[in-house]
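Below: the structure, in structure tokens.
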Amino acid sequence: MKVLLALPAAFMVAACAGQPAADVWGDYSLMGRAASGVIWDERAPASLYQWDTVSANEAHIHWGSPKNWPTEHRERFIHSGDWVLLDGWWGNGTYYTQRVTKEMLCDAACNSCKPLEGDVQHYAMWRVPAHAYCLQAEGTITERSSGKVLHFKHVQVYTPPAPCSNTSFAHATCITQHETWWDDNRTQFEKKLDRTEYLGKGLGHGFRIDQTFPKPWHAELHEVPKQ
């Protein structure tokens, strides 16, 4: 059974007035639905994901290798008003709480920024805008079992819906998330990840992944996700 997240009041008013509702992040990520998908690299299935809906406004996404499924690793997302928030994730037998100390909403070039309020990371806009935007977050990650604190920086640039394709789906609509991540986990503070992920409308995460750092890697969704 599909369980959809509650929409902001503005959407309910528009729907009642007969106006088409704008796309939301859940249409592309499949957050709020009992969805799972398999992402392939050039050789074989490389990653699995599965959404679990916890409540009307909270969902967890599990990520892992097909060889080690079911996985312990899952991220906790919360839909709050016009935003999708990332509270933290589970892994290694504990929970990692992620909190921001500085966060900005900027234009597509990551300029003309304005601060965002709150200590939970603003991961994406719930209502998908018709323009690109950039999110910059800096803060800490606390390992609950030990109290160890790490530092991170996360920059994301989202693009609006546009036609997209991969080797299995020739005609789809995607938003893209270009993300760069830095942290000091077992190293000095340094860049750890740079990649672009295409999220397909009705198809979910991993429609296409183009990673450039720490090493080039490409993967794609090959089958319609189970919902």
Side-chain angles (χ1 to χ4, degrees), residues 8 10 22-31 49 61 63 75-89 96-142 149-164 166 172-185 187-201 204-220:
D23 287 351
V24 298
W25 193 73
D27 295 329
Y28 293 85
S29 67
L30 303 185
M31 178 183 175
Y49 76 85
I61 186 169
W63 285 100
E75 296 170 293
R76 183 188 182 203
F77 286 98
I78 298 169
H79 171 210
S80 177
D82 290 334
W83 289 98
V84 178
L85 308 177
L86 174 60
D87 182 83
W89 62 88
Y96 294 85
T97 303
Q98 184 169 306
R99 293 293 179 263
V100 296
T101 54
K102 180 181 179 181
E103 196 172 20
M104 309 288 285
L105 171 63
C106 314
D107 63 21
C110 295
N111 297 318
S112 301
C113 302
K114 61 180 182 180
L116 292 170
E117 297 182 356
D119 61 355
V120 181
Q121 185 184 359
H122 293 74
Y123 190 83
M125 289 184 178
W126 179 247
R127 290 180 279 190
V128 177
H131 57 82
Y133 65 97
C134 171
L135 293 169
Q136 302 184 42
E138 299 178 33
T140 60
I141 299 166
T142 303
V149 176
L150 306 172
H151 301 85
F152 79 92
K153 179 179 179 180
H154 192 201
V155 176
Q156 304 177 87
V157 176
Y158 282 94
T159 62
C164 58
N166 63 21
T173 300
C174 294
I175 59 173
T176 66
Q177 174 207 32
H178 178 206
E179 63 175 336
T180 310
W181 176 274
W182 297 258
D183 67 38
D184 57 2
N185 184 22
T187 65
Q188 294 182 337
F189 192 85
E190 61 184 40
K191 184 168 75 171
K192 300 291 179 67
L193 179 68
D194 196 307
R195 70 173 188 173
T196 299
E197 180 182 12
Y198 292 70
L199 291 78
K201 187 174 183 179
H205 283 280
F207 181 84
R208 197 164 90 213
I209 299 173
D210 295 314
Q211 179 177 293
T212 59
F213 190 86
K215 63 180 180 180
W217 182 67
H218 175 80
E220 298 182 352

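Side chains included, hydrogens not; waters and symmetry mates left out as well; all remaining heavy atoms used.
Between L105 atom CG and L116 atom CG the span is 5.5 Å, to the nearest 0.5 Å. Between the NE2 atom of H131 and the CE atom of M125 there is a distance of 5.5 Å, given to the nearest 0.5 Å. In this structure, OH on Y123 lies 4.0 Å from CD on Q177, to the nearest 0.5 angstrom. The CZ atom of R195 sits 10.5 Å away from atom CG of D210, with the distance rounded to the nearest 0.5 Å. Put simply, OH on Y198 and NE2 on H205 are 16.0 Å apart, with the number rounded to the nearest 0.5 Å. Interatomic distance, Y96 OH to T140 OG1, rounded to the nearest 0.5 Å: 14.0 Å.
Across all their heavy atoms, P160 and P129 have their closest contact at CB-O, 3.5 Å. Between V157 and C110, the shortest heavy-atom distance links the atoms CG2-SG, 3.8 Å. Nearest heavy-atom pair, P161 versus D23, reported as atom, atom and distance to 0.1 Å: CG-OD2, 4.2 Å. Taking each heavy atom of N111 and C106 in turn, the nearest pair found is O-CB, 3.3 Å. G118 approaches V100 most closely through the heavy-atom pair O-CG2, 3.5 Å. Heavy atoms only, all atoms of each residue included: G26 and W126 are closest at N-CZ3, 3.5 Å.
For T212 (side chain) and D194 (main-chain N/O), a donor-acceptor pair under 3.5 Å exists by modelled atom type. Judged by distance alone, with hydrogens and angles left aside, the side-chain atoms of R99 form a donor-acceptor pair with the main-chain N or O of D87 at under 3.5 Å. For E197 (side chain) and G206 (main-chain N/O), a donor-acceptor pair under 3.5 Å exists by modelled atom type.
You'll find the side chain of R76 stays beyond 4.5 Å of the side chain of L86, heavy atoms only. Using a 4.5 Å heavy-atom threshold, the side chains of K191 and K153 count as separate. Using a 4.5 Å cut-off on side-chain heavy atoms (C-beta onward), M31 and I61 make no contact.
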Subject >> Working for side-chain contact (heavy atoms from CB on, under 4.5 Å), residues N185 and L150 >> reply: CA-CA 6 Å; N185 184 22; L150 306 172; 3.9 Å; yes
**OP:** Go through the steps to decide whether Y28 and T173 satisfy the test side-chain contact (heavy atoms from CB on, under 4.5 Å), and finish with yes or no.
**Re:** CA-CA 9 Å; Y28 293 85; T173 300; 3.9 Å; yes
**OP:** Test I141 against W89 for side-chain contact (heavy atoms from CB on, under 4.5 Å), laying out the working first.
**Re:** CA-CA 10 Å; I141 299 166; W89 62 88; 3.5 Å; yes
Original post:
Should C134 and C113 be marked as a disulfide bond (SG atoms under 2.5 Å apart) after you check the CA-CA gap, both sets of side-chain angles, and the distance that decides it?
Top reply: CA-CA 9 Å; C134 171; C113 302; over 6 Å; no
Subject >> CA sep, side-chain torsions, deciding dist, call: V128, D27, side-chain contact (heavy atoms from CB on, under 4.5 Å) >> reply: CA-CA 9 Å; V128 177; D27 295 329; over 6 Å; no
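Side-chain atoms of E75 and Y49 include no donor-acceptor pair closer than 3.5 Å. In this structure, a donor-acceptor pair under 3.5 Å is absent between the side chains of T196 and T176.
When H122, Q121, H154, Q136 are each tested for a side chain to side chain donor-acceptor pair (under 3.5 Å) with E103, only one passes: H122. Among T180, T187, D184, the one residue that satisfies the side chain to side chain contact (heavy atoms under 4.5 Å, CB included) test with K192 is T187.
Below 30°, between 30° and 60°, or above 60°: for Y133 and Y158 the angle between ring planes is below 30°, a parallel geometry.
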